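So that the names make sense, note that chain A is the first sequence line, chain B the second, and so on, each numbered from 1. Since the structure is predicted, the reported quantities are computational estimates derived from the model, not experimental observations.
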Amino acid sequence: MYPAPFDYHRPDDIADALALLDSHGDDARILAGGFSLIPAMKLRMMQPAHLIDIGGIDILKGVRIENDALSIGAMTTHWEIESSPLVAEWFPALAQAAGVIADAQVRNCGTIGGSLAYSDPSADYPALILALNARLVTISLHGGNVIDAMNWQQGLLTTALEPGEILIDIRFPKPPARTGSAYIKIPHPASRFAVIGVAVSVTLGEDGKARDLRIGVTGTSTTACRALAMEQALEGHNLTRDAVEAASHLADEGIEFNDDQLLSAGDRAYLCRTTAREAVLAAWARARNKASA
Amino acid sequence: MIGENVRRKEDARFLTGRGRYVEDIQFPGMLYLGFVRSPHAHANIRQVDPSAARAIPGVVDVFWAGSLPEFDETLPAIFGTASTGPSYVDQLELPPHPVFQKHITYVGEQVAVVVAESPYAAADGVEAVKVDYEVLPALTDWAQAMAPDAPRIHPEFSNRAAHLAHSYGDVDAAMSEAEMVIERRYETSSLKSVAIEGRGVAARWDGNSGSMEIWSTTQMHYAVRDRLSQVLKIAPDNVRVIARDIGGGFGLKGAFYPEDIVAPVLARHLNRPVRWTETRIEHMLSSNHSGRQTHDVKVAFERDGRIRALDLVLYKEIGAYCHFEMMLASNTINHLPTHYRIPALRVEGWGILTNTPTASPYRGAGRQEASFTMDRILDAIARETGLDPLEVRRRNLVRRADMPYRSGLIYRDGVPVCYDHLDFERLLETTVEKGDYAGWRKRQAEWRAQGRRIGIGIGSYVEAGGIGPCEGASVAIQANGRIAVKIGVNSQGQSHETTLAQICAKALGADYTEIDVLGGDTKMLRTGFGTGASRVAVNTGNAVHLASLSVRKKLVTMAAILLKCEEGDIKIESGAVYARDNPQKIMRFGEMALACSRHPAMASHGGPDLEATEFFYPPTVVWSSGVNLAVVELDADSGRVDILKYLFVHDSGEPLHPQVVEGQLSGGFAQGFGAAMGERVAYAADGQPLSASLLDYYVPRATDIPDVEYIHFAFPTPDNPLGIKAVGESGPNAPPATLASAINDALGNDIEITELPVRWNHIVGVLRNAPASRINAGGMS
Amino acid sequence: MSAHDITLHINGKRHDCRVEARTLLVHLLREKLGLTGTHVGCDTTQCGACTISLDDRAVKSCTILAVQADGCDIVTIEGMAGENGELHAIQEAFSLEHGLQCGFCTPGMVMSTRQLLARYPDAEVDEIRHQLEGNICRCTGYHNIIKAVQRAAAQARSSADGREPAVTKHAAPYPTDLHQRRHHGS
């Protein structure tokens with residue numbers, strides 16, 4: 001398969017990238033790894049006239065601690081996240097998720113920023129930014145925005161990113177002590193995207209009860225979402241298996257699921273409930289391990 | 001030499017990137033083809049507007065129906081190794097299949113071809129061609145297409161393109177007398193071969209000599225040569241088809257396709273070389289597929305589990321054109337009994353046109369459907385009688401003492417099916433013992449009490465391989481000492497260069513490293529019938545054996561003359577001949593070839609070369625067989641199927657190269673696994689494909705495939721000089737039956753699995769409604 | 001459409017090329033540079049037949065623009081064997097274990113294995129399977145490919161003599177037990 005013709009630009013810094021984006025407007029797309037965009041261009045489903053490759057902007061790469069948050073540059077690859085000791089220590093769920101995106105070769109090239117900006121409804125990271133309460137930092141010639149994870153995905157393949165904006169950084173606030181996180185994915189047999197992916201973060205309070213429980217679910221239909229009813233049912237409780245099992249009944253509440261030949265919406269809701277249960281228990285176990293460590 | 005795991009001759013070039021596949025071919029001045037394909041399943045083309053495409057830089061021209069007289073030519077009506085004897089088919093209509101036409105009958109059918117200076121420009125051109133369609137209603141389901149008032153896919157032809165019938169024994173009497181009768185419908189989905197290399201063709205016309213050179217991914221290079229010589233109206237010997245390194249075939253590349261004609265016709269018309277290689281999406285849309293098959297069965301049996309009679313009506317979706325008559329359906333029928341006795345049988349089969357590409361053989365070619373149907377029947381009998389499924393199998397088994405056993409079926413070479421020198425009992429009992437069937441049944445009950453869902457399944461297959469009519473081989477010792485083994489078949493990964501060299505080395509007394517097996521080129525041998533239907537080892541293998549023996553005979557005669565001793569005193573070993581009593585009298589093969597080439601005594605040995613060509617004609621097919629056992633556990637949370645054990649017990653006759661045999665089985669197993677667990681070519685009601693890429697069509701990955709334990713038997717066969725059988729299509733046949741059986745066993749009687757692939761939603765449906773695994777069951781902490 | 005002058009270092013040799021912006025790296029390698037050992041097997045970045053090493057990372061060259069690779073070091077399957085044609089230990093292991101049949105996916109498998117052994121020299125079978133998930137083989141059923149990788153890993157361990165592996169070793173941060181490993185289809 002062969003992409004349609006386009007002009008390629010490789011700015012050295014963000015200012016140049018923004019200037020290019022500004023001058024080409026809707027005709028331009030940002031190339032941020034390209035492992036969603038180039039496949040779409042090969043199939044000619046997308047035919048931008050200009051590609052602005054931000055792969056040469058080093059400042060957008062890497063994982064670092066900044067002001068009590070883990071800052072992950074938009075051009076950090078899945079492999080760099082998967083293998084980062086910092087990510088593993090702070091957010092095991094994120095390391096897990098990065099390690100099951102597509103395959104090893106794709107993980108070497110695909111980036112967290114590229115994935116989040118493309119906003120595939122079955123991608124893994126959207127569940128993670130919800131569970132880990134991330135902020136997404138964008139920049140444009142006119143300034144920039146810090147966008148709450150809850151507001152990032154706006155609809156099918158649509159994000160809060162404004163024209164002329166580039167996603168540059170994803171900031172994950174430092175978890176309190178005794179916080180555990182986990183990600184469980186049920187992949188599509190052919191595409192290996194998430195049929196259901198559930199990310200969970202939970203903190204073990206001083207009283208032994210769950211605090212700040214957040215459950216992000218991806219793969220459902222158009223955007224990832226929080227399993228708010230289940231969160232509320234468990235917040236402030238001891239997460240015994242019985243309690244989690246009972247509350248997992250609520251995991252699919254208010255969530256719309258795809259319905260197709262592979263699985264019915266009801267089947268997907270079931271997978272959402274079982275996966276949420278196991279992900280919460282896994283995150284809880286990690287929180288308890290941290291407490292006893 | 002035979003039976004040893006010698007180093008594969010193919011490996012070094014494949015491992016270092018020096019294979020020569022069609023897409024690797026580059027000729028000076030080459031042009032590239034891109035096809036405009038229909039987005040509609042059924043339509044008439046009102047108009048093609050190429051003007052925008054012709055204006056694109058790099059686009060040379062655009063052609064479509066009527067552009068060139070050769071495009072009115074049709075594809076060969078029947079491909080492959082069709083029936084050569086009386087078949088079950090009593091009605092057959094073959095709609096002609098032109099290269100380009102104005103009546104479109106499936107999504108992905110070729111509408112026009114763009115010729116360009118680069119593949120990129122060709123793709124630009126394809127996008128720019130405007131086509132005006134009159135969209136017609138599509139039929140993608142046999143039941144709709146068979147309806148009396150159904151619209152016709154081809155106006156001049158009934159949608160009911162083919163019919164077959166066969167019976168033996170008194171089915172009606174058994175149905176009325178038997179203690180129990182059940183009816184079931186078993187569905188098997190259509191499958192795509194998805195060889196990692198797609199189809200392709202490169203063509204170069206030599207105007208001076210009036211000859212055509214074609215590099216093709218075909219499995220049937222002689223069939224391509226013969227049809228092209230007709231279309232191009234030149235002598236067959238002026239068409240050279242080379243099909244050397246091919247990246248997997250699995251049957252799909254055994255068919256003839258429009259592109260096989262388009263590329264050489266354009267190469268001649270434009271007097272420039274052309275190349276076309278299929279994209280994966282084209283593969284999914286336009287290449288042939290196996291065709292969905294429905295089996296309506298009525299089974300009469302006794303309370304003790306013994307089958308009395310089987311009545312089968314089979315519906316085969318054959319796509320928009322019928323190129324394989326009823327080969328796939330008749331394969332299913334002839335492999336249907338597998339290891340079991342069906343005392344009375346009546347079959348009727350329909351081949352029904354649908355708005356999809358043509359159905360053609362995919363590895364197994366009807367055998368997988370047979371095993372699935374038979375083993376589901378046996379499990380259904382177990383369910384109805386309360387007997388253990390193993391016991392039902394034991395009671396219906398064709399035993400050693402029953403052989404030679406003539407079932408009453410007639411193979412498509414016209415010879416009655418006969419099982420002999422086989423031992424189904426030993427295969428089954430070995431499976432039961434090595435698979436620890438009793439132990440797993442015990443664990444199943446124990447673990448069930450803990451809420452774990454374990455299932456055990458057994459599946460059986462037979463594989464008729466080595467169908468004729470024949471294959472040939474030419475073996476020659478050359479003056480530099482190397483031995484050329486020229487064959488009339490090509491390889492898609494089967495290791496012919498290795499295994500056929502082993503056969504030659506043994507029969508001729510040659511050094512394995514001195515042998516070059518040369519195939520996949522119509523210039524190598526005058527005639528061949530192609531790679532498919534698990535026929536090369538038996539046909540070509542024995543031809544190599546016979547030709548090597550003939551050369552050996554010449555060697556002995558000439559060595560006696562040259563070494564001045566008796567023929568009885570000549571010994572041949574490791575590429576040298578010598579006199580038994582005087583090892584000083586020795587000549588290397590190369591020296592012999594040189595000496596013979598000018599020796600007058602060769603006049604009575606067919607000419608100056610130490611060469612012989614032989615053809616092997618098998619009397620009929622030879623039967624391989626096997627039994628599989630699977631133990632699965634279902635994950636209650638996800639419906640995931642974990643394979644706890646998979647055992648593959650088989651007889652494929654004397655192994656030429658044990659590693660290659662196991663490689664064939666494990667590759668076939670993975671394809672069978674895929675067919676059980678998710679592979680499915682599906683169409684929406686309007687004919688739009690639902691499996692247009694590997695994002696939708698499941699192909700097993702390294703993470704999916706379980707460890708499989710293989711147990712090898714080699715029951716001797718007197719059917720051919722080498723005593724060998726087929727193995728190419730043994731792998732995929734039983735895994736779907738076995739896995740479906742095991743999964744059903746784990747799910748229990750709440751569901752009866754009657755479809756392939758086993759559907760994830762069916763499993764989840766049972767799990768989410770089962771009290772034991774309800775999410776709020778509690779008490780599990 | 002823009003054209004670009006780029007420099008690639010492929011299998012130890014410098015190549016200066018002019019490419020259209022849209023030229024995919026795999027097409028530059030195959031069609032312009034004659035390195036046809038790298039194959040194309042799907043349109044959707046799944047099969048891995050096009051896998052090469054780009055700055056010591058295994059990547060799918062069908063989804064990278066040639067111009068993106070400007071200045072990079074590339075190793076293709078043609079660069080794996082020794083100067084005198086002797087097979088690399090990974091290639092040797094694939095041959096000994098019959099880890100290839102038609103040979104079409106093989107170059108990609110070898111290039112993925114190269115990275116796998118560098119990153120996970122002690123990989124267990126589940127990790128091997130996970131790391132090869134991006135390479136589809138339709139012939140072997142992976143059975144002998146897994147054995148070949150295990151053989152190559154053992155060979156590498158026995159000949160390592162304490163030398164540092166070519167690529168920095170990263171341990172898998174967490175075991176993959178929570179991932180759904182064995183998939184189920186439709």
Side-chain angles (χ1 to χ4, degrees), chain B residues 7-8 10-12 14-19 21 23-24 26 119-120 193-197 245-248 250 279-281 492-495 638-643 659-660 663 666-671 674 677-680 693-695 698-699 701-706 708 757 759-760 763, chain C residues 20 22-23 27 30-31 34-44 46-47 49 76-78 80-81 85 87 91-92 94-98 100-107 110 125-126 128-130 132-146 180-186:
Chain B
R7 191 65 83 95
R8 274 204 344 156
E10 296 87 343
D11 283 355
F14 289 157
L15 280 163
T16 54
R18 291 184 291 111
Y21 302 91
E23 201 171 27
D24 302 342
Q26 268 193 351
Y120 284 80
S193 90
V194 197
I196 306 302
E197 179 205 38
D245 290 337
I246 301 176
F250 314 117
T279 66
R280 180 60 54 194
I281 293 195
Q492 300 81 41
Q494 294 91 338
S495 315
S638 63
R640 189 181 73 239
V641 178
D642 289 324
I643 315 288
Q659 217 179 22
V660 166
S666 60
F669 165 80
Q671 290 177 332
M677 307 301 273
E679 292 194 38
R680 179 170 175 241
S693 78
L694 300 188
L695 294 169
Y698 170 66
V699 175
R701 310 280 185 103
T703 37
D704 302 341
I705 297 295
V708 176
R759 303 300 161 84
W760 190 7
I763 296 174
Chain C
E20 280 184 8
R22 63 169 167 169
T23 303
H27 293 137
R30 290 180 48 79
E31 304 285 337
L35 295 167
T36 54
T38 302
H39 297 145
V40 178
C42 72
D43 307 326
T44 45
Q46 292 177 282
C47 80
T76 68
I77 189 67
E78 289 89 348
M80 287 294 283
L87 295 182
Q91 295 168 317
E92 183 74 6
F94 270 73
S95 179
L96 287 169
E97 295 292 348
H98 187 32
L100 68 156
Q101 291 182 24
C102 80
F104 200 79
C105 77
T106 308
V110 169
V125 66
D126 280 358
I128 293 173
R129 291 180 185 277
H130 180 58
L132 292 181
E133 197 164 6
N135 294 80
I136 300 179
C137 173
R138 196 61 160 161
C139 292
T140 65
Y142 307 101
H143 183 67
N144 288 340
I145 289 175
I146 309 292
Q180 306 291 331
R181 246 202 1 92
R182 293 255 158 81
H183 310 280
H184 191 286
S186 50

Portion of [X] that has a non-hydrogen atom of chain C nearer than 4.5 angstrom:
{"X": "Ser666(B)", "result": "both"}
{"X": "Val660(B)", "result": "both"}
{"X": "Ile246(B)", "result": "backbone"}
{"X": "Thr16(B)", "result": "both"}

Can you tell me how the ring of Tyr21(B) sits relative to the ring of Phe104(C), calling it parallel under 30°, perpendicular over 60° and tilted otherwise?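 Ring orientation of Tyr21(B) relative to Phe104(C): perpendicular.
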Measure [X] against the heavy atoms of chain B and call it side chain, backbone, both or neither at under 4.5 Å.
{"X": "His39(C)", "result": "side chain"}
{"X": "Leu96(C)", "result": "both"}
{"X": "Asn144(C)", "result": "side chain"}

Top contributor to chain C interface from Ala12(B), Gly17(B), Pro119(B), Gly19(B) [non-hydrogen pairs under 4.5 Å]: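 Max contact count across the listed options: Gly17(B).
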Highest number of heavy-atom pairs under 4.5 Å with chain C: which of Glu23(B), Gln494(B), Gln492(B)?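 The candidate making the most pairs under 4.5 Å is Glu23(B).
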Name the option with the most non-hydrogen atom pairs under 4.5 Å to chain B; the candidates are Arg22(C), Glu20(C), Arg30(C), His143(C).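 Highest number of pairs under 4.5 Å: Arg22(C).
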Step by step, would you call Gln91(C) with Val110(C) a side-chain contact (heavy atoms from CB on, under 4.5 Å)? CA-CA 7 Å; Gln91(C) 295 168 317; Val110(C) 169; 4.2 Å; yes
Could you go through Arg280(B) and Thr44(C), starting from their C-alpha distance and side-chain angles, then the distance that decides it, and tell me whether this counts as side-chain hydrogen bond (donor to acceptor under 3.5 Å, both in side chains)? CA-CA 8 Å; Arg280(B) 180 60 54 194; Thr44(C) 45; over 6 Å; no
